[in-house]
2 protein chains.
Amino acid sequence: MAVTLALVNDYEVVVQGLASMLRAYEGRVHVVELDMEQAVSVPVDIALYDTFAAPQGDQAQLHDLAADPMVGKAVVYSWNMDASLVEAALANGAQGYISKGLPASQLVLALEEIRAGTGRIYPAAGRDLTSAGDWPGRHEGLTQREAEVLSLITQGLSNAEIADRTHLSINTVKSYIRSGYRRIGVDNRTQAVLWGVSHGFLPDRGRITRAYTESP
Amino acid sequence: MAVTLALVNDYEVVVQGLASMLRAYEGRVHVVELDMEQAVSVPVDIALYDTFAAPQGDQAQLHDLAADPMVGKAVVYSWNMDASLVEAALANGAQGYISKGLPASQLVLALEEIRAGTGRIYPAAGRDLTSAGDWPGRHEGLTQREAEVLSLITQGLSNAEIADRTHLSINTVKSYIRSGYRRIGVDNRTQAVLWGVSHGFLPDRGRITRAYTESP
DNA sequence: CGTCTTCCCACCCGCAGGGGTGGTTTTTTC
DNA sequence: GAAAAAACCACCCCTGCGGGTGGGAAGACG
């Protein structure tokens, strides 16, 4: 029986990218709903919380998601595999933690095992940077991390706040700012914000529901 | 015969405010058109160019307006009454220069005299700050100058660029930034830009035409 | 007349931001 | 194997920004 899944992130392009990635595994994982700044509205086995430009698994957002009676299990999907952060997320209500470095096939397997209760933590051996998925600015050539930092800039966060949010060094954040600004051709934060506002970098709001019927 | 008038500025609220201000003088001055980032589309006696958050009278925008065959006379409407700027604007094609400090009754008289060719420069004796008119952020309590600076911030200009644009000292610009930020409750430029974007501080685009029939 | 508001300005100071330099590790491509 | 790309990081340096302080002039209002 397929895992019923809600995809949770504030950027529609992110949850749509994830849904596309999982389409090839429709018999094993069924995406029931995509939620942007909305609570899950139907019962699902797993709510997959993508941390792109969002609070990490140790924060209230994940805690609320895990406490939602519609949600069987809340699972974090993130680049950050620091042991302390993973532990904090699990202590915060998450029942699984999956690296974004995993290819789709292994993501699906992880979801099935988490749903069955036979596994919890799924790091990637390396970083599969060719994995599918989508993010704002991808067409403009921004890497995932550049896009994430730019999204947080567009949300109004300072560099220090971004470093805190992403669990990266301030120096790393500045590196992404530098390279990101060069890619989109802006010189300063104000221009970056205006660029971000006009290119889909503000969080979206809404829900997309998909009909689900059990195969006979 | 009434002066036919086009009102030119990139912020609809500004040209709408001016139009309201002049409504009481309908028999003497008729607002034919309000233009935001659009060329004047019908022949008018005077195109009144409001410099709110716009290039001053010595720049290409005024020059193009004065050169437009639809425009009888291009007139600058501004807070800046520096003799050198006024001269530069006149040399740039303006055929009149009116202070924003004038009350409406004197503005109308000035327009009539400019149309008749009997006057050109109309400073205010002082500053009539109670004059009507409208600008972005007025309902939020921003003064005209605070709003203008914030509009230019929202357009992406740096403090130095704003000082250059408005012919104010950098110190004055910073003062308006400080007081403006306090009024709208933001702490930094990024938040100010986001506030501006969501409160009508980006330039508008379009034209509003008004039917005009000569009184019998 | 005193107070408040608005427009305008000077100066002091600290730091957030952004330019630069350099590096390591992993994966992919030629 | 070499080069490129992406994620991650350190350090140096300068300046734009925004906090503060203070002031003057003019108009409106009580």
Side-chain angles (χ1 to χ4, degrees), chain A residues 52 78-82 99-103 123-131 133 135 137-138 141-150 152-153 156-164 166-183 186-193, chain B residues 52 78-82 99-103 123-131 133 135 138 141-150 153 156-164 166-183 186-193:
Chain A
F52 178 91
S78 174
W79 283 115
N80 288 290
M81 299 303 299
D82 295 343
S99 166
K100 281 187 142 182
L102 284 191
R127 292 189 179 108
D128 182 10
L129 301 177
T130 66
S131 64
W135 56 88
R138 182 175 174 180
L142 291 170
T143 66
Q144 285 199 43
R145 279 304 205 179
E146 283 167 352
E148 184 166 15
V149 168
L150 186 54
L152 294 169
I153 283 175
L157 278 68
S158 65
N159 291 353
E161 285 167 340
I162 293 170
D164 189 54
T166 55
H167 289 244
L168 299 177
S169 150
I170 186 74
N171 300 302
T172 304
V173 171
K174 287 184 177 181
S175 290
Y176 289 132
I177 287 172
R178 275 198 299 272
S179 58
Y181 282 12
R182 262 194 296 268
R183 257 191 243 277
V186 301
D187 296 319
N188 56 57
R189 214 169 188 87
T190 303
Q191 285 168 21
V193 168
Chain B
F52 178 90
S78 177
W79 282 114
N80 289 289
M81 298 304 296
D82 295 342
S99 167
K100 281 190 149 186
L102 284 192
R127 294 190 176 104
D128 180 10
L129 301 176
T130 66
S131 65
W135 56 88
R138 181 176 174 178
L142 291 169
T143 65
Q144 285 198 41
R145 278 306 207 177
E146 284 167 351
E148 183 166 12
V149 168
L150 187 53
I153 285 174
L157 279 69
S158 66
N159 291 353
E161 284 166 341
I162 294 171
D164 189 53
T166 55
H167 288 246
L168 297 178
S169 150
I170 187 73
N171 301 300
T172 306
V173 171
K174 287 183 176 181
S175 291
Y176 289 132
I177 287 170
R178 275 199 297 275
S179 57
Y181 283 10
R182 262 194 296 268
R183 256 190 244 277
V186 301
D187 296 316
N188 56 58
R189 215 169 188 86
T190 302
Q191 286 168 19
V193 169

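In the text below, chain A, chain B and the rest are named by the order of the sequence lines, each starting its count at 1. The basis for the numbers below is simple: all heavy atoms, side chains too, and nothing from hydrogens, waters or symmetry mates.
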Starting the side chain at C-beta, find the nucleotide from [options] nearest to [X].
X	options	value
B:S175	D:dC9, C:dG18, C:dA10	C:dA10
A:I177	D:dC9, C:dG18, D:dG19	C:dG18
A:R183	D:dA6, D:dG19, C:dC7	D:dA6
B:R178	C:dC7, C:dC8, D:dT21	D:dT21

For [N], does OP1 or OP2 lie under 4.0 Å from any side-chain N or O of [X]?
X	N	result
B:N171	C:dA10	yes
A:N159	C:dA16	no
B:S179	C:dT6	no
A:R182	C:dG20	yes
A:T172	D:dC8	no
A:T143	D:dA5	no

If I take atom [atom1] in residue [X] and atom [atom2] in nucleotide [N], what distance separates them, rounded to the nearest angstrom?
X	N	atom1	atom2	answer
B:W79	C:dT6	CH2	C1'	8 Å
B:Y181	D:dG19	OH	C1'	12 Å
A:Q144	D:dA5	CD	P	17 Å
A:L168	D:dA10	CG	C1'	14 Å
A:N188	C:dA16	CG	P	18 Å
A:K100	D:dA7	NZ	C1'	13 Å
B:I153	D:dG18	CD1	P	7 Å
A:R138	D:dA6	CZ	C1'	14 Å

Classify B:R145 by what it touches in the nucleic acid, base, sugar-phosphate, or nothing, heavy-atom distance under 4.0 Å.
sugar-phosphate
Could you report the tightest heavy-atom contact between [X] and [Y], atom names first, then the distance?
X	Y	value
B:T190	A:I153	CG2-O, 3.6 Å
B:R189	B:Y181	CA-OH, 3.3 Å
A:S179	A:E146	OG-OE2, 2.8 Å

Result of checking B:L150, B:V149, B:T172 against B:I177 for side chain to side chain contact (heavy atoms under 4.5 Å, CB included)
B:V149
Would you state whether a donor and an acceptor, one from the side chain of B:R189 and one from the base of D:dG18, lie under 3.5 Å apart?
no
Could you give the distance from OG1 (A:T166) to OH (A:Y176), rounded to the nearest 0.5 Å?
9.0 Å
Interatomic distance, B:D164 atom CG to B:N159 atom CG [nearest 0.5 angstrom]:
12.5 Å
Residue pair B:K174/B:I170 against DNA chain C: nearer the 5' end by closest nucleotide is B:I170
